[in-house]
Novice: 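I'd like to ask you about the structure that follows.
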Amino acid sequence: SQQGEEDPQALSIQEGENATMNCSYKTSINNLQWYRQNSGRGLVHLILIRSNEREKHSGRLRVTLDTSKKSSSLLITASRAADTASYFCATFQGGSEKLVFGKGTKLTVNP
Amino acid sequence: DVKVTQSSRYLVKRTGEKVFLECVQDMDHENMFWYRQDPGLGLRLIYFSYDVKMKEKGDIPEGYSVSREKKERFSLILESASTNQTSMYLCASIPIPNTEAFFGQGTRLTVV
C-alpha cells in the first residue's frame, strides 16, 4: 500500500509564483522526505523533516509537517522554469525500513 | 558523490524470457530497494534488502525475485517476463535506516 498521497496530482503556474504541494500519510513516521524527478530520470532527494520538527527550510524550499494530521506540505517560492518536474513525498512505513512513496505531483512552471 | 548505477537505461525483452536488472552502489550502503514506476501509480516498492542475503517483500513482489550476494549489488529478476511488467524500474540505496535515498537513473523495460 502507498503510504503517501500527494495533492494536487498536477499543478501549472507561471514563473515567479509560489507552488504548494501537499502530502498525507497513514502510519507513524520517524521522518518525511521530499524528492524531485525530472522527466524519465531517477529521483533526487530534496529535504528531510523529522517527526519532532514542524518546519524546515532549504533555499527556496519550505517544508511543514503536522503529525497530528499526518500531513506535510512542500512550498517552492519564486518558481523557475527549471523547477518543472514531479515531486514525491516518502516515508519509512510505520517506523520500519520499508521506504514508500506517494503518486507524486507533476509541477509545470511556465516561462 | 554517491553513485547508484543501473546496468541499462533501456531494455527490450520477449515474453517468457528471464530478465536480470542489476544495480550497484559504491558507498557501502546498508539498504537497497527496487521500485517500478507507472503513469498515475507513482513508485511502488517491489523488494528491498537491509543486508547481504537478506530481503523483504514490498507491495508488489509477484512475478519478481531479488538477489543480494554482495553488499554493493542488488539484482531484480523477472522469472518469466510478461507484457504487464513493461515499466520504468528504479533502484535506490540508503546508507543507514531512516536516511535519504540515492537513486539510479532508471531502466525502462519493454516486454514484447
Side-chain angles (χ1 to χ4, degrees), chain A residues 1-10 21-53 56 58 61 63 65 85-106, chain B residues 1-10 21 23 25 27 29-51 54-61 74 87-110:
Chain A
S1 59
Q2 295 194 270
Q3 170 78 319
E5 294 290 338
E6 291 88 344
D7 163 55
Q9 290 185 21
M21 290 158 266
N22 303 297
C23 167
S24 60
Y25 58 92
K26 297 174 185 171
T27 68
S28 62
I29 60 170
N30 292 322
N31 62 59
L32 185 141
Q33 304 178 38
W34 284 91
Y35 290 79
R36 168 197 168 120
Q37 182 184 36
N38 288 346
S39 181
R41 311 298 293 186
L43 279 69
V44 175
H45 182 262
L46 292 176
I47 194 165
L48 180 154
I49 184 166
R50 292 185 169 77
S51 59
N52 61 356
E53 296 176 306
K56 195 164 183 179
S58 176
L61 304 180
V63 170
L65 179 64
S86 291
Y87 294 82
F88 296 86
C89 67
T91 59
F92 289 94
Q93 195 170 52
S96 73
E97 296 183 44
K98 182 179 173 182
L99 182 63
V100 293
F101 287 77
K103 296 179 181 179
T105 292
K106 187 171 183 178
Chain B
D1 277 359
V2 175
K3 201 165 175 66
V4 179
T5 303
Q6 294 183 229
S7 51
S8 307
R9 279 284 282 140
Y10 299 95
L21 302 183
C23 177
Q25 48 93 2
M27 286 299 291
H29 285 181
E30 297 288 329
N31 294 27
M32 297 186 75
F33 302 79
W34 275 107
Y35 298 89
R36 66 176 281 175
Q37 183 177 23
D38 301 287
L41 297 179
L43 275 75
R44 293 181 291 166
L45 181 62
I46 305 171
Y47 268 98
F48 69 103
S49 167
Y50 51 91
D51 201 352
M54 305 303 287
K55 61 187 179 186
E56 276 201 33
K57 292 180 181 179
D59 298 316
I60 52 163
F74 191 35
S87 187
M88 168 73 101
Y89 289 88
L90 292 161
C91 172
S93 70
I94 287 179
I96 55 175
N98 289 300
T99 57
E100 68 177 271
F102 295 85
F103 277 81
Q105 76 276 30
T107 295
R108 190 166 293 281
L109 172 68
T110 302

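Below, chain A is the first sequence line, B the second, and so on; all start at residue 1. Side chains are part of it too, since the values below use all heavy atoms of this structure and drop only hydrogens, waters and symmetry mates.
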Novice: Within a 6.0 Å radius of atom NZ on A:K106, are there more than 12 heavy atoms belonging to other residues, nucleotides or ligands?
Specialist: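 Check fails, neighbour count at 12 or below.
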Novice: Using 0.5 Å steps for rounding, measure from the CD atom of A:Q37 to the CG atom of B:L43.
Specialist: 6.5 Å
Novice: For the side chain of B:N98 and the backbone of A:F92, is there at least one donor-acceptor N/O pair under 3.5 Å apart?
Specialist: no
Novice: Between A:L48 and B:E100, which heavy-atom pair has the shortest distance, and what is it?
Specialist: CD1-N, 4.4 Å
Novice: Using a 6.0 Å cut-off, check whether atom CZ of A:R50 has over 12 heavy atoms from anything other than its own residue.
Specialist: no
Novice: Using heavy-atom distances under 4.5 Å, tell me whether B:Q37 contacts chain A through its side chain, its backbone, both, or neither.
Specialist: side chain
Novice: Let me know if A:E97 has heavy atoms under 4.5 Å from chain B in its side chain, its backbone, both or neither.
Specialist: both
Novice: Locate the shortest heavy-atom distance separating B:L90 from A:R41; write the atom from each residue and the value.
Specialist: CD2-O, 4.3 Å
Novice: Would you find a donor on one side and an acceptor on the other, under 3.5 Å apart, between the side chain of B:Y35 and the backbone of A:F101?
Specialist: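 No.
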Novice: For A:Q9, which atoms come within 4.5 Å of any heavy atom of chain B: side chain, backbone, both, or neither?
Specialist: neither
Novice: Can you tell me which portion of B:I94 sits under 4.5 Å from chain A's heavy atoms? Options are side chain, backbone, both or neither.
Specialist: side chain
Novice: By a 4.5 Å heavy-atom criterion (distance strictly below it), what part of A:L99 contacts chain B: side chain, backbone, both, or neither?
Specialist: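 Both parts, heavy atoms under 4.5 Å.
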Novice: First locate atom CZ of B:F103, then atom NE2 of A:H45, and finally report the distance between them rounded to the nearest 0.5 Å.
Specialist: 10.0 Å
